[in-house]
Structure formats: C-alpha cells, structure tokens
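Bear in mind the structure is a predicted one, so any value in this text is a computation, not a measurement. We name chains A, B, ... by the order of the sequence lines, and we start the count at 1 in each one.
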Amino acid sequence: MATTAIPAGFRALPLPITQLSLAAVLKCGQSFRWSILPLPPSERHGLDNEYRLCLRDRVVCLRQSPDALFYRSVFPPGVPGEMETREAETLAWIRDYFQLEIDLVELYRQWGTADPVFDRLQARFEGIRMLRQDPFENLISFICSSNNNISRITKMVKSLCQHYSPALVTLPHPSGPTLPEETYHPFPPPSALARSEVSAKLRSLGFGYRADFIQRTAAMLVETHGVGWDAKKLMEPSEEWLMTLRSLSTSEARAELLKFVGVGRKVADCILLMSLDKKEVIPVDTHVYQIAIKYYGLNSPSKAANMTPRLYDDVSTKLAAVWGDYAGWAHSVLFTSDLKSFASHGLSSTPPAPPLTRDSAGSSLESTSPVSTPFETPLSTMKRKRATSTKKPTVRPTAFLEVADSLSALAADESGYSLAERVKRRRRKGGISSLDTFCPASG
DNA sequence: ATGTTACCTCAA
DNA sequence: TGAGGTAACA
C-alpha cells in the first residue's frame, strides 16, 4: 500500500477516505467557513488542497490522502503552552468535530441494504458525514441560508467574521509567497452581533432582510444569558447555553430554537442535525422535497404546493422510515449528490470572490455608479412611455429639484438599505411623486 | 387552522 | 426569475 509522505509540519491520523472526504464534506453546505486552498504541484504528492478553519484560539490546517488525515494548528504569536499539548488538543477537536467514533462505512452499508436508491449512489459519494459544529455559528449561518445559495451564504459568513471579530492570525498561502496571505478571523460571539447598529450595518453589507434576524437573535441570546466570558471555554454564557440544548430531546431543543426570529422549522432542523447531535432529523428544503417525490414515491401534488407544516412532516417521516436512526446523516449524502453546485461552485476552482458588497449604499454620492443610474434610465423610459401611453407624463419645471432633494435624502440615509431598495421602499409608501416620474417602476 | 405574500440581493 | 425560508396576514 502506497503511503503518502507526511507534509512538513503536519502530523498524521490514519483514516480511510471512505470514512471522511474533506473535499465533499467541507463544501456541501454544512459549514460555510472553511478555506479551501489549492496546493502547488511541488507540494502535492497526491494531495489537492489544504483546508483551514479558524477556531476561537487557533487555525486548524488539514490535508488528506486516501488513507490519512494530516493536521497542524497555528496560534497567534506569544501564546504560551507546549506544542505537544496544543496538537493533542487539535487532534481531540478533530475527532469531535468530524465525529470519527461513528463508523460511516457501516452506516453506508446499512443504508444501501435498506434503500436501493442509496445503494446506487453510494460508490460515487463516499465519505460524506455530518459535522458536529458550533451551535451559535450554525444558528447564525442558517439564518443566512433562507432564500439563498451556498455561494452567497459563504460570502455573508465571511463578511460577518471580518467585520465583527478581530483577526487571529495571518498565514502565507500554501502555494507560496506569490499569492496573497490569508487572514483568519474566528466566528464572532453573540455580544458582537447584538448591538442595535449591527442591523443597519449588515444591511449595507448585503445581508438583506436577514440582517434584522441576525441582530435580534443575537440580542435575544445576550439579554437572556448575559455577556460574561468563560475564559476557560472561550465562550459567552449564551453560547454555553446553546451547547446545553444537546442534552434535550429533539422536540424540546427544536422548541427552543423556534423562539428565535428568522428560525423556522427548516432552519431549526438544520441546527438540530448539524450542531445539536440530533442525527435522525431530516431538514426538508425544496431539494429534499423534490428528491422525495422523484425517488421515494411521495405523492406529487398537481399544483406547485407550498411547504406547509403538514407536508414537511410527511416528507420527513417518509424518509426517516427509509433510513432509520441516522436518517439525517443519510439525507446529507443524498442532498450532496443532488447539489448542482457541487462541481461548479467549488472554492478550489474559483478565485476568491471580491468582498460581498461595498458600503456603497450607506455612503453617499462618492460612489458614482449607483447614483447616476436613476438619472440615466428614465430618459429612454420616458420616451417609450410618451410613445405608448395615452396619458402624458407631467414633469413640473421644479421637479428635478425635488428629485435632487430626494436623492440627497436617500444618500444620507443610515438605514443600511441599498439605494435601489430605498427608492423602492419610498415608492411603495407612495412618498415621492416626482422621483416616480424620473424613475418609473420597471415592468 | 391552512393558504398566501412580502421580504433583500445577486446573478442570470 | 429563483436560490437549501420565515413572519405576517387573510
């Protein structure tokens, strides 16, 4: 058996890739925070990528061969402690985070025996297991997930870390000094997201309506459990409280999660499965619903049905009956196999995306493009209207002054809404007629 | 109680 | 127009 040499600075943990495939698991939409960095040909030795995640006190770096996981951790300068101790802690974290005590190969065998659909797919999707994530990070990340795609969720979570958590360490790119260094921020604690200004700021960062959900959820946690700091666990009390949900029953823990704004049944179930040890829970989203209809004989409605609580339960119950105890884990394999973005949105093949957005919306007339647009569009539109409409648009001589005033007010606004959005909101409220004249609603 | 609808943005 | 939904409202 050909064993891969251990990369310099790394330690090895023997582990068949059938038990864990980092390439699949770390970008299948469980965690949105892993960096996936391609290795240069000179350092590969059969390994494609280096994977990095910033924890509260260290960055964990991983590489993987067919039969081993290689790991090392990097700390900020000046942290005391023995190397041996630190790497032992990191190894313990790895065992816990990847739940390596659970025999995934045996689970695949059981699912394949009970389910012909799974049996047909399992060889092509090996090593997909459930991570055991941090509950607070998981909660906030999945509030971001509503009406959203993996690519944007990833950008949002990164933005959250960069803006609300100080940098912990900066590392060179594994491909060498020709590529820029990578700076790593831990996930921010609840208190960092709880202040009322956060909501508008997140709006300006492109979070949309999720901005309020995140801030209000963080505020609820802080109000209920305080902001003290457990130096030993590096956690705030509300984070520790979220951890205690692991010892509740599934329905009790779910009831607690549903109290947060922005958390409905689907998001709650994601958290139960991905960070609260509820291995049997199957989150039902549009993908899973389609899978259930197509492959598992769920009655497909004649019309496009909404995901009512009743329907949600039907889908969930149906699939749980097929897969048993670890149904949630099995669902993750099917979900990953169905992900269209699995190949195309891979971080390894895509250069780092630019920051989510500028605060263009919040900050004024200096950003030229958003402001110039409203003036440019209407000209052509008005001509069309004039030609096709029986009603002639009346533009009073002073209308452009009102428009200028309106745009100034819009630019000075601190709500965090994008300029386009603020225009729309005003229009909905029936506020500014002259702006309507210049910026007719499209369609 | 069930069934609709609006909600932010981004990338087609 | 829709993307791994949720809250608010008939």
Side-chain angles (χ1 to χ4, degrees), chain A residues 27-32 138-159 199-217 220 254 257-274 281-292 301 303-316 319 328 331-342 344-345 350 353-362 370 413 415-429 442-443:
Chain A
K27 58 181 178 189
C28 73
Q30 291 188 52
S31 170
F32 301 96
N138 200 213
L139 169 63
I140 299 301
S141 298
F142 277 85
I143 287 176
C144 292
S145 77
S146 74
N147 256 321
N148 213 342
N149 55 64
I150 290 180
S151 163
R152 182 151 84 112
I153 300 165
T154 303
K155 290 174 192 165
M156 289 165 70
V157 169
K158 183 170 191 173
S159 177
S199 159
K201 177 67 173 173
L202 291 181
R203 286 269 181 186
S204 76
L205 290 171
F207 281 67
Y209 59 81
R210 305 162 196 84
D212 299 277
F213 293 160
I214 292 169
Q215 184 271 326
R216 290 170 62 195
T217 288
M220 282 176 65
R254 180 185 288 126
L257 293 174
L258 289 174
K259 292 176 183 173
F260 296 108
V261 277
V263 179
R265 175 69 190 268
K266 191 270 178 179
V267 168
D269 281 0
C270 284
I271 300 163
L272 289 171
L273 174 65
M274 300 182 190
V281 170
I282 301 173
V284 179
D285 55 40
T286 53
H287 280 264
V288 174
Y289 181 42
Q290 294 307 319
I291 291 174
K303 308 181 71 165
N306 280 331
M307 185 52 73
T308 62
R310 172 63 191 281
L311 181 53
Y312 189 110
D313 274 332
D314 287 349
V315 175
S316 192
L319 295 177
H331 134 281
S332 179
V333 179
L334 268 285
F335 179 83
T336 302
S337 74
D338 187 64
L339 261 189
K340 285 184 301 186
S341 59
F342 188 68
S344 55
H345 284 298
T350 310
L356 194 49
T357 61
R358 299 317 175 115
D359 359 19
S360 56
D413 178 284
S415 65
Y417 285 92
S418 68
L419 179 71
E421 187 58 26
R422 297 200 310 268
V423 171
K424 274 190 285 182
R425 291 172 74 86
R426 290 202 170 206
R427 185 173 284 131
R428 278 199 293 271
K429 285 193 292 188
S442 57

Checklist line | Short side-chain N/O contact to C:dT6 OP1/OP2 from A:Arg265, under 4.0 Å | finding: no
Notebook entry, point to check: Between C:dA7 atom P and A:Leu257 atom CG, what is the distance in whole Å?
Noted result: 12 Å
Note to self: Does A:Phe260 reach a base, just sugar-phosphate, or nothing at all? Heavy atoms under 4.0 Å.
What the structure shows: sugar-phosphate
Check: Closest to the A:Asn149 side chain: C:dA3, B:dT9, C:dG5?
Finding: C:dA3
Note to self: From CZ of A:Phe335 over to C1' of C:dA3, roughly how many Å is that when rounded to an integer?
What the structure shows: 11 Å
Item checked: Base-pair map of DNA chain C as dot-bracket, where | denotes pairing with a different strand and pairs are Watson-Crick or G-U under 3.5 Å -> |||.||||||
Next item on the list: Please state how far atom NZ in A:Lys259 lies from atom C1' in C:dT6, giving the value in whole angstrom units.
Entry: 18 Å
Margin query: Between B:dT5 and C:dT1, how many Å separate the two P atoms, rounded to a whole number?
Written below: 16 Å
Notebook entry, point to check: Any N or O donor-acceptor pair linking the side chain of A:Lys266 to the base of C:dG5 at under 3.5 Å?
Noted result: no
Every protein N/O within reach of nucleotides 8-10 of chain C N/O, cut-off under 3.5 Å:
none

Item checked: salt bridge (Lys or Arg N to Asp or Glu O under 4.0 Å) partners of A:Asp212, counting only residues at least two apart -> A:Arg203
Output a table of nitrogen or oxygen pairs between the protein and nucleotides 2-4 of chain B separated by less than 3.5 Å.
none

Margin query: Using whole Å, what does the distance between atom P of nucleotide B:dC8 and atom NZ of A:Lys201 come to?
Written below: 19 Å
Notebook entry, point to check: Nearest to the side chain of A:Arg152 - B:dC7, B:dC10, C:dT6?
Noted result: B:dC10
Item checked: Closest to side chain of A:Phe213, choosing from C:dG4, C:dA7, B:dC7 -> C:dA7
Checklist line | Residue list, side chain to side chain contact (heavy atoms under 4.5 Å, CB included) with A:Phe213, at least two apart or on another chain | finding: A:Ile143, A:Tyr209, A:Val261
Item checked: First of A:Asn148 and A:Leu258 reached from the 5' end of DNA chain C, by closest nucleotide -> A:Asn148
Note to self: What's A:Gly29 touching, base or sugar-phosphate or nothing? Going by heavy atoms closer than 4.0 Å.
What the structure shows: base
Next item on the list: Calculate the interatomic distance between A:Gln30 atom CD and C:dG4 atom P; express it in whole Å.
Entry: 15 Å
Margin query: Roughly how many Å apart are C:dG4 and B:dA6, using the P atom of each and rounding to a whole number?
Written below: 22 Å
Check: Rounding to a whole Å, what distance do you find between A:Leu319:CG and C:dG4:P?
Finding: 18 Å
Check: Which atom names give the shortest non-hydrogen contact between A:Lys266 and A:Pro283, and what distance separates them?
Finding: O-CB, 4.1 Å
Item checked: Closest contact, heavy atoms only, A:Ala268 versus A:Leu258 -> CB-CD2, 3.9 Å
Margin query: To check you understand the geometry: which heavy-atom pair defines the closest contact between A:Phe142 and A:Gln30, and what is its length?
Written below: CE1-O, 3.5 Å
Next item on the list: Taking ring pair (Phe, Tyr, Trp, His ring centres under 6.0 Å) as the test, write out the residues that go with A:Phe335, two or more places apart.
Entry: A:His287
Notebook entry, point to check: What's the shortest heavy-atom distance between A:Val284 and A:Tyr312, and which atoms?
Noted result: N-OH, 3.1 Å
Item checked: Considering all heavy atoms, the nearest A:Ser145-A:Val267 contact -> OG-CG2, 4.2 Å
Checklist line | Nucleotide nearest A:Lys155 when distance is taken to its side chain, options B:dT9, C:dG4, B:dA11 | finding: B:dA11
Margin query: Using a 4.0 Å heavy-atom cut-off, does A:Gly264 contact any base of the nucleic acid, only the sugar-phosphate backbone, or nothing at all?
Written below: sugar-phosphate
Notebook entry, point to check: With a 4.0 Å cut-off on heavy atoms, is A:Val284 in touch with a base, just the backbone sugar-phosphate, or nothing at all?
Noted result: nothing
Margin query: Considering every strand and a 4.0 Å limit on heavy-atom distances, what is the contact class for A:Arg210: base, sugar-phosphate, or nothing?
Written below: base
Notebook entry, point to check: Under the side-chain contact (heavy atoms from CB on, under 4.5 Å) criterion, do A:Asn138 and A:Cys270 qualify, and how do the steps go?
Noted result: CA-CA 8 Å; A:Asn138 200 213; A:Cys270 284; 5.7 Å; no
Next item on the list: Report the distance from atom CD1 of A:Ile291 to atom CG of A:Asp338, rounding to the nearest 0.5 Å.
Entry: 4.0 Å
Notebook entry, point to check: Rounded to the nearest 0.5 Å, how far does CD of A:Gln290 lie from OG1 of A:Thr286?
Noted result: 7.0 Å
Notebook entry, point to check: Nearest of B:dT9, C:dG4, B:dC7 to any side-chain atom of A:Asn147?
Noted result: B:dC7
Check: Rounded to the nearest 0.5 Å, how far apart are CD1 of A:Ile282 and OG of A:Ser332?
Finding: 11.0 Å
Note to self: Considering every strand and a 4.0 Å limit on heavy-atom distances, what is the contact class for A:Val263: base, sugar-phosphate, or nothing?
What the structure shows: sugar-phosphate
Next item on the list: Could you state the atom-to-atom distance from CD1 of A:Ile282 to C1' of C:dG4 in whole Å?
Entry: 15 Å
Next item on the list: Specify the separation, in whole Å, of atom CG of A:Asp212 and atom C1' of B:dT9.
Entry: 14 Å
Item checked: Derivation and outcome, side-chain contact (heavy atoms from CB on, under 4.5 Å), residues A:Arg210 and A:Asn147 -> CA-CA 10 Å; A:Arg210 305 162 196 84; A:Asn147 256 321; 3.9 Å; yes
Notebook entry, point to check: Taking atom types as they are modelled, is there a donor-acceptor pair under 3.5 Å from the base of C:dG4 to the side chain of A:Tyr289?
Noted result: no
Check: Could you state the interatomic distance from NZ (A:Lys201) to CG (A:Leu205), rounded to the nearest 0.5 Å?
Finding: 5.0 Å
Check: Of all the choices, C:dG4, C:dG5, B:dC10, which nucleotide is nearest to the side chain of A:Val267 once you look at every atom?
Finding: C:dG5
